[in-house]
S.K.: 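Attaching a single structure in structure tokens format; questions to follow.
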Amino acid sequence: MIGIIGAMEVEVEQLLEHMQQTGSKTMSGICFHEGIMAGVECVVAQCGIGKVAAAVCTQTMIFLYQPQAVLFEGVAGGIGKDVHIGDLVVATSLVQHDMDTSALGDPVGYISALKEIFLPVPEKTVNLLADCAEAVYQGHVCKGVIATGDQFIADNAKMHQLAEDFGAVACEMEGGSMAQVCCMAGVNYAVLRSISDNGDDGAAVDFPTFAEESAHKNTALLLAALPKLAKQMENV
Ligand code: ADE
């Protein structure tokens, strides 16, 4: 079984339309939709915005379903001149930019529970998703570090800092948290984001304008990727 999580309704509504639902369970106030999508057994959940919501949802999903992999999908702020609204970003690794024990001598982003800053996605999973994305949206696909924090980034200076500190190409509010839970539980994970804004001074205007259109871009690509991802996970 593959688990798919999105934070907002626009990020999961189209996926649910493509799923033959066979049942559901509700726990921690989150509805887990069970069914078949593109011939693959899946569970889909909308977790709500932010790191705690994503952690609760991921842990509950793992507890209830023991998925072979959890995929987080949705929108993100693009970072840098090469990442545009409407582009797709596949995470090569996740970092929690607001995890900060630097006053104690640790580097910013250091997750003491895992003794890591960057939580990597296996290269073959990154390539699988990026190749599927490229087949649908040629020339608009980017692989790179995604920075997660409990903060909607709408500030040029902060956005540049995420690029400088972590080499981030996108920012969002859940992926790094999901990745930490998966690492702690020994479950595979990946993150796919479509760009709704640029995390800059214009982000608060761009986000509501483009979030729905961008979020829906993930659907076609996920439907193409799911059978391949399921096969890859069988051989992990
Ligand atoms: N998700 C979409 N755009 C974002 C931004 N600018 N900051 C954080 N999360 C986002």
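Note that the numbering runs from 1 along the sequence shown for the chain. First listed ligand is number 1; within each ligand, the first listed atom is number 1.
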S.K.: With distance as the sole criterion, is a donor-acceptor pair present between the side chains of Glu172 and Thr148 under 3.5 Å?
M.R.: yes
S.K.: Would you find a donor on one side and an acceptor on the other, under 3.5 Å apart, between the side chain of Lys217 and the backbone of Gly86?
M.R.: yes
S.K.: Would you say the side-chain atoms of Glu174 pair up with the backbone N or O of Ile49, donor to acceptor, closer than 3.5 Å?
M.R.: no
S.K.: Using a 4.0 Å cut-off to any heavy atom of Ser196, which atoms of ligand 1 qualify?
M.R.: 2 (C), 3 (N)
S.K.: Taking N or O atoms only and a 3.5 Å limit, does Gly77 qualify as a polar contact for ligand 1?
M.R.: yes
S.K.: In terms of atom number and element, which parts of ligand 1 are under 4.0 angstrom from non-hydrogen atoms of Gly199?
M.R.: 6 (N)
S.K.: Where is the nearest protein heavy atom to atom 1 (N) of ligand 1: which residue, which atom, and how far?
M.R.: Ala76 CA, 3.7 Å
S.K.: Of all the non-hydrogen atoms in the protein, which one sits nearest to atom 4 (C) of ligand 1, and at what distance?
M.R.: Phe152 CE1, 3.4 Å
S.K.: Heavy-atom pairs closer than 4.0 Å: do any link ligand 1 to the side chain of Cys171, the backbone, both, or neither?
M.R.: both
S.K.: Got the closest protein heavy atom to atom 9 (N) of ligand 1, with its distance?
M.R.: Glu172 CA, 3.4 Å
S.K.: Can any side-chain N or O of Gln68 pair as donor or acceptor with the backbone N or O of Met1 at less than 3.5 Å?
M.R.: yes
S.K.: Looking at Glu34 and Lys25, does any basic side-chain N land under 4.0 Å from a carboxylate oxygen?
M.R.: yes
S.K.: In plain terms, say whether Asp131 and Lys228 are close enough for a salt bridge, that is, a side-chain N and a carboxylate O under 4.0 Å apart.
M.R.: no
S.K.: Tell me, please, which residues at least two apart from Phe152 pass ring pair (Phe, Tyr, Trp, His ring centres under 6.0 Å).
M.R.: Phe207
S.K.: Closer than 4.0 Å to some heavy atom of Asp197 - which atoms of ligand 1 meet that?
M.R.: 2 (C), 3 (N), 4 (C), 5 (C), 6 (N)
S.K.: What do you reckon, does Arg193 put a non-hydrogen atom under 4.0 Å from ligand 1?
M.R.: no
S.K.: Give the atoms of ligand 1, by number and element, whose distance to some non-hydrogen atom of Ile153 is under 4.0 Å.
M.R.: 5 (C), 6 (N), 7 (N), 8 (C)
